[in-house]
Amino acid sequence: MAVATDLRRFAGFRAMTVLCLVVLYAPLIIVAIYSFNASSSITRWGGFSFKWYVDVFTGPEAPKFRQAAINSFAIATGAALLSTAFATAAAVAMSRAGRFRGKVASLALINLPLMVPEIVTAVASLVFFITIGFTTGLMTIFIAHIVFCIPFAYLPISARMQGVSDIYEQAAMDLYATPWQAFRLILLPLMAPGILSGFLLAFIISLDDFLITNFVKGAGVETLPTAIFGSVKQGIKPNIMAISTLLLCVSVVFVTLSWIIGRAGQSRK
Amino acid sequence: MAQVDSSGGIGIAVDVDDVVKRYGTLTALHGVSFDIRDGEFFTLLGPSGCGKTTLLRCIAGFEEVSGGAIRLHGEDIARLPPHRRQVNTVFQQYALFPHMDVLANVMFGLLRRGWTRRDATARAREVLALVRLADFAERRPAQLSGGQQQRVALARALAPGPQVLLLDEPLSALDLKLRQAVRVELKQIQRETDIAFVFVTHDQEEALTMSDRIAVMSDGRVQQIGTPREVYEAPVNRFVAGFIGETNLLDVAIRSVDGSRAEVLLPGGRPFACAAAAPVAAGPGHLSVRPERIELVAAGEGDLTATVRDHVYLGTDIQLHARLADDEAVVVRIQNAAGSAIPERGAEIGLKLEAGAARLLTD
């Protein structure tokens, strides 16, 4: 009974798997393929071309996309840095502070943003900023992103922390390190793969976010997802497919890196 | 720092004074007291859960004592954090920093104590040479064998020159062959450095072969403190007699007492004169006799009569399992010398107890 259940014995397993994969990935593949379409139709293939990629960088919409990309990457970098710092502090407290009052509640609060419907967070954030009289703009996007990125950064960091025995910090303190030195010289380097993995995940989550960003962004401020959405409203052109494909590549690279770093950390122990 | 020398001749490195440790309602240490002298190899020996590791962690500072004092050369350190105590620990799992090479591991404590990088490097290389790892300074811990890691852990703890070195079952992760070699080496290093070692183990053989003195612990209490010879040959109670080495505990009736001597009736009714571990009164008692201190004689002679049940061949010795008339088990060890006659299973034998080696215990 200890043997893993052979999933292939379930009726329709293969069909269900194929269906799921097709529904999930066929649209992505089609978008990627049609981004190389020479014709300006989004449904008819007119030969292979890089012209829409050139268009993204030099075409009439290029300045808009460039500004949106700068905003997106700046916000993603800043939000990922700060949320990773918060998540690291939270993970250390959760695994090293022993039992404290409200520990379970704290853990629930850290992870709550994962469970709350994003639209609710989006509306609540907007109402909050309006109530306190905060002018919406880049800053509001930044703050909102820091908040919802924390649980995503927290997950790989806390997973890594589970694997780091507190005996190393004890050994450090036994060797005359202050608690801060034990943290900085021993725990932090050992947690580094988790922290980096958390940072990359937070970065990509921030880069991709549309819903919350769309609510809390000020007039005229765009990030890549909102800029793409804005363009699509005036009809889908292949340049949108090109920019989507580029964004997809960035995501794939970051998620893969995050995964590889996390795994390398696990095996090195 | 002036070393307080309260004992006149030999300095007291660690003075454990009535240390109590409670976890909630559970008491792990019930007022433990003893002194460890400078340059002494002192062992805390006991079964798992006896409190020996807890006590070591109290001395290192990883556990807060619930009561009592721990004085390091006269200064009470019981309430100081670990990094303010001049004691270092060799951990059971070594706890070498995996992201640093061997040299950086050994230098770690020196740098924290304010040594310059140059002096620390020189000192670390010197200690690595002491543990015969001079050529491994640039390796990562993961690239070393278990025995080498263990020596790095020792070098790392010795480098800052602690007033006392704490060792938490440092040999238990090594295989048997290596363990025996490391025992000798560890003892040598201890003699060379002349630092007091507090060594925690559950292995009585380790304790006997390495220690200057042993504190035998059980249930959060020190049962006996003495040299290996004292705790082996003159155990104060049944726990110590049974835990250190093998022993036979015979139920006897105490007939008369004269100071520390007593006369008892053995199973089978013969009288026997022996030394008592503590002041005793007439009544029931237990006579502890080591298996190698019983001589095999012809049936009907000696102090006891028994029937051979089994023998176990141990190479240098042969262990004889026998039963007395009242079914009490007795183990006898006889040397496997040329011409020693091994009685057959079922044979009736006489057993003569070595008079000076039997000890009367009451608890």
Side-chain angles (χ1 to χ4, degrees), chain A residues 84 88 91-93 95-101 103-104 156-199 257-258 260-269, chain B residues 23-24 53 56-57 59-64 77 80-100 104-115 120 124 127 140-143 149 152-168:
Chain A
T84 304
T88 304
V92 171
S95 79
R96 290 298 189 266
R99 268 180 289 176
F100 56 88
R101 258 172 53 169
K103 184 170 182 174
V104 176
I157 296 172
S158 86
R160 173 72 190 162
M161 278 291 279
Q162 314 284 318
V164 179
S165 163
D166 64 357
I167 194 146
Y168 298 115
E169 293 140 87
Q170 280 182 14
M173 287 192 267
D174 187 65
L175 292 161
Y176 314 106
T178 61
W180 169 245
Q181 286 172 328
F183 172 74
R184 190 167 52 87
L185 299 171
I186 303 302
L187 186 57
L188 209 53
L190 292 177
M191 283 171 71
I195 293 174
L196 199 52
S197 184
F199 171 83
L257 270 181
S258 167
I260 289 172
I261 291 165
R263 228 174 59 121
Q266 293 293 308
S267 63
R268 207 187 61 183
K269 228 171 96 183
Chain B
Y23 296 100
T53 297
L56 195 79
R57 292 175 61 81
I59 300 175
F62 303 131
E63 302 281 354
E64 234 173 286
I77 58 166
L80 291 180
H83 66 276
R84 306 258 313 271
R85 303 181 184 203
Q86 265 196 58
V87 296
N88 292 134
T89 308
V90 177
F91 292 87
Q92 187 171 7
Q93 301 304 326
Y94 314 144
L96 300 179
F97 306 131
H99 58 298
M100 298 181 185
N105 264 281
V106 180
M107 284 168 68
F108 189 88
L110 298 167
L111 294 177
R112 302 289 86 69
R113 299 218 65 193
W115 288 52
V127 184
R140 288 287 174 110
Q143 296 169 297
Q149 290 184 25
V152 176
L154 183 64
R156 186 177 70 174
L158 280 173
Q163 297 187 14
V164 176
L165 189 76
L166 309 176
L167 301 103
D168 183 11

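All values below were derived from every heavy atom in this structure, side-chain atoms included, with hydrogens, water molecules and symmetry-related copies excluded. Labels below follow one simple rule: chain letters A, B, ... track the order of the sequence lines, proteins then strands, and each chain is numbered from 1.
Here the CD1 atom belonging to A:I167 is positioned 8.0 Å from the CG atom belonging to B:D168, to the nearest 0.5 angstrom. With values rounded to the nearest 0.5 angstrom, B:H99 atom NE2 is found 10.0 Å from A:Y168 atom OH. Here the CE-OG1 distance, from A:M173 to B:T89, works out to 11.5 Å after rounding to the nearest 0.5 Å. Taken from CZ in B:F97 to CD in A:E169, the straight-line distance is 9.5 Å, to the nearest 0.5 Å. For the atom pair OG1 (A:T178) and CZ (B:R112), the distance works out to 8.5 Å, reported to the nearest 0.5 Å.
Looking at B:L96, the atoms closer than 4.5 Å to chain A (heavy atoms on both sides) all sit in the backbone: N, CA, C or O. Neither the backbone nor the side chain of A:A192 comes within contact range of chain B, judged by heavy atoms closer than 4.5 Å. Heavy atoms closer than 4.5 Å to chain B are found in the side chain of A:Q181, but not in its backbone.
Annotation: side chain to side chain donor-acceptor pair (under 3.5 Å) contacts of A:Y176 (sequence neighbours excluded): B:N88. In this view, B:E63 and B:K21, B:R57 satisfy the salt bridge (Lys or Arg N to Asp or Glu O under 4.0 Å) rule, not counting sequence neighbours.
Few gaps surround CD on B:Q143; more than 12 heavy atoms of other groups in view lie less than 6.0 Å from it. For A:R96, the CZ atom is densely surrounded, since the number of other residues' heavy atoms within 6.0 Å is greater than 12.
Contact annotation: the side chain of A:I186 approaches that of B:M100 to within less than 4.5 Å [non-hydrogen atoms, C-beta and beyond].
Counting heavy-atom pairs closer than 4.5 Å to chain A, the top residue among B:R84, B:R156, B:Q93 is B:R156.
Among all heavy-atom pairs drawn from A:A177 and B:F108, the shortest one is CB-CE2, 3.8 Å. The two residues B:P82 and A:D174 come nearest to each other via the heavy atoms CB-N, 4.5 Å.
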